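Working notes, beginning with the structure itself.
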Amino acid sequence: MPEQLDLNLLRVFDALLQEGSVTAASERLHLSIPATSRALGRLRRAMNDPILVRAGRGMAPTPFALRTAPRVRSLLDEASALISADREVTIGELKRTFTIRINDGVAATLATAAVEATAAAAPGVVLRFVTEGTESAEALRDGSVDLDIGVGDVAAPDIRTAVLYRERMVGIVRADSPLGMRRRPTLRQLCRHPHVSASRRGRARGPLDDALDAVGLQRHVAAVVPSFAVAALLVATSRYVGLVPQRLAEQYAPTLGIRWFPLAADLPEVEVRLLWHARLDADPAQRWLRDTIRAALRESRADDSAEPTSAARERSRRG
């Protein structure tokens, strides 16, 4: 007779897939290693699959386990929502891992504030940030991602969305660049210098190129890198011009030795959104996390504006 699956076994399966080892899963589940090993044996019999197999010094999930993991995570989320429906959670005692898919430009300025605010109220909560691969809503549907923070919107009836903030792009250059000495370089002046473009899809063109085309100008994109963080590092050690979100430029200009400036072009603002699946809309723990992220963002901006605005902006811009 095949082994019967219960909710506790599914929790073990989820922990094994996320941790990749029996020892780490046992620590996460607060079980002994022998008990976790026995649970893995039951899982193997019930699912008729090894689940985890030896790979060098570690263990690797089987293809079946990888296919099954998102569905198990979704079932656990639904069970948690069912149990906690119409109940308040004790945040200080909450033990849960939230997976957040996040745009790298947003992560550079939001992740620290979110982690610190979460840890202060719920030390048992782990925020697991993963980079964007695709913006597909399937990761939210199957539970492999709890929250999505980034640019863009998903037009689907089962996906909830809220604007976190609006962002504009600014130019950055190395501190000793002649462009950094100007408060607002002209588009013609920008085009005299090589540019680095940040694009996860490897694109060299963007809204700035459309603005340049409109006035008969063209820039030379000498390098395309996969993220804003890499673009900022490249600019800090080269003569390139880069475009990054203003919040990232403000926060890291002094550290990296770069200067930022507004662009002499009417580029569209970027909306940074928070997305989650409808089944977690009323989940108390997830609702608390969404509220905490919003509050952390507001507080970080309030701290940034605590100094006199013009002086603080000039210090950040000058690096």
Side-chain angles (χ1 to χ4, degrees), residues 7-8 10-11 14-15 17-18 28-30 69-103 106-107 109-132 135-167 247 270-303:
L7 195 59
N8 287 327
L10 292 181
R11 289 194 181 97
D14 182 61
L17 266 289
Q18 291 202 37
R28 177 173 175 170
L29 295 166
H30 303 289
R71 296 177 62 188
V72 170
R73 166 52 33 205
S74 181
L75 285 169
L76 291 174
D77 285 341
E78 290 183 18
S80 176
L82 177 65
I83 294 169
S84 61
D86 299 324
R87 296 183 186 177
E88 292 300 320
V89 296
T90 303
I91 298 302
E93 299 175 1
L94 184 63
K95 295 186 181 299
R96 185 161 164 182
T97 297
F98 294 96
T99 300
I100 302 174
R101 183 170 61 189
I102 192 166
N103 172 284
V106 178
T109 55
L110 177 61
T112 299
V115 169
E116 289 180 348
T118 301
V125 166
V126 176
L127 299 186
R128 177 175 173 261
F129 293 99
V130 296
T131 58
E132 291 179 326
E135 286 75 38
S136 169
E138 289 307 312
L140 293 169
R141 292 190 177 105
D142 65 28
S144 54
V145 168
D146 296 296
L147 289 173
D148 195 341
I149 303 176
V151 177
D153 196 2
V154 177
D158 59 332
I159 303 299
R160 303 288 185 261
T161 180
V163 176
L164 274 179
Y165 60 89
R166 291 175 174 83
E167 179 74 287
R247 292 167 193 250
V270 176
E271 278 191 346
V272 177
R273 290 180 168 268
L274 181 66
L275 297 97
W276 64 96
H277 194 266
R279 75 175 182 281
L280 296 173
D281 201 27
D283 176 58
Q286 226 238 31
R287 187 172 62 238
W288 164 80
L289 178 61
R290 297 193 300 265
D291 291 342
T292 298
I293 290 173
R294 292 189 187 99
L297 180 63
R298 288 194 300 269
E299 290 172 9
S300 67
R301 296 307 290 171
D303 290 343

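Keep in mind that what you see is a predicted model, and the values were worked out from it rather than measured. Atoms considered below: every heavy atom in the structure, side chains included; atoms not considered: hydrogens, waters and symmetry mates.
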Check your understanding: Looking at Y165, is R294 sitting on its ring face, NZ or CZ under 6.0 Å from the six-membered ring centre and within 45 degrees of the normal?
Key -> no
Note to self: Using side-chain heavy atoms (C-beta onward) and a distance below 4.5 Å, is V145 in contact with I100?
What the structure shows: no
Practice prompt. Could you walk me through whether L110 and L297 pass the side chain to side chain contact (heavy atoms under 4.5 Å, CB included) test, one step at a time?
Written response: CA-CA 7 Å; L110 177 61; L297 180 63; 4.1 Å; yes
**Message:** Checking D14 against R11 for the salt bridge (Lys or Arg N to Asp or Glu O under 4.0 Å) test, could you report, in this order, the C-alpha distance in whole Å, the side-chain angles of both residues, the deciding distance, and whether it holds?
**Reply:** CA-CA 5 Å; D14 182 61; R11 289 194 181 97; over 6 Å; no
Judged by modelled atom types alone, do R128 and T97 share a side-chain donor-acceptor pair under 3.5 Å? no
CG (L147) and CG (L140) are apart, to the nearest 0.5 Å, by 8.0 Å
* To do: Under the side chain to side chain contact (heavy atoms under 4.5 Å, CB included) rule, what do L7 and L76 come out as? Steps first, then yes or no, please.
  => CA-CA 8 Å; L7 195 59; L76 291 174; 3.7 Å; yes
Next item on the list: For H277 and R160, run side chain to side chain contact (heavy atoms under 4.5 Å, CB included): C-alpha distance rounded to whole Å, both residues' side-chain angles, the deciding distance at 0.1 Å, then the answer.
Entry: CA-CA 6 Å; H277 194 266; R160 303 288 185 261; over 6 Å; no
Looking at R96, I'd like to know if its CZ atom is crowded, meaning that more than 12 non-hydrogen atoms belonging to other residues, nucleotides or ligands lie closer than 6.0 Å. yes
(message) Test your reading of the model: is there a side-chain donor-acceptor pair from R166 to the backbone of V163, 3.5 Å cut-off?
(response) no
Between the NZ atom in K95 and the CZ atom in R28, the distance rounded to the nearest 0.5 Å is 12.5 Å
Tightest non-hydrogen contact, residues A122 and W288, listed as CB-CH2, 3.7 Å
Here the gap from L164 atom CG to E271 atom CD, rounded to the nearest 0.5 Å, amounts to 10.5 Å
- Message: I'd like to know if the side chain of D146 reaches the main chain of T99, judged simply by a donor and an acceptor atom lying under 3.5 Å from each other, with no hydrogens or angles considered.
- Response: yes
### Message
Is a donor from one side chain sitting under 3.5 angstrom from an acceptor on the other, for D281 and W276?
### Response
yes
In L127, L280, L94, D283, the residue satisfying side-chain contact (heavy atoms from CB on, under 4.5 Å) with L289 is L127
Nearest heavy-atom contact between A69 and L17 is CB-CG, 4.1 Å
Between A296 and A117, the two heavy atoms sitting closest are CB-CB, 3.9 Å
Is the backbone N or O of V115 less than 3.5 Å from a side-chain atom of T118, with the two atoms forming a donor-acceptor pair by type?
no
Interatomic distance, CG@L10 vs CZ@R71, rounded to 0.5 Å, equals 11.0 Å
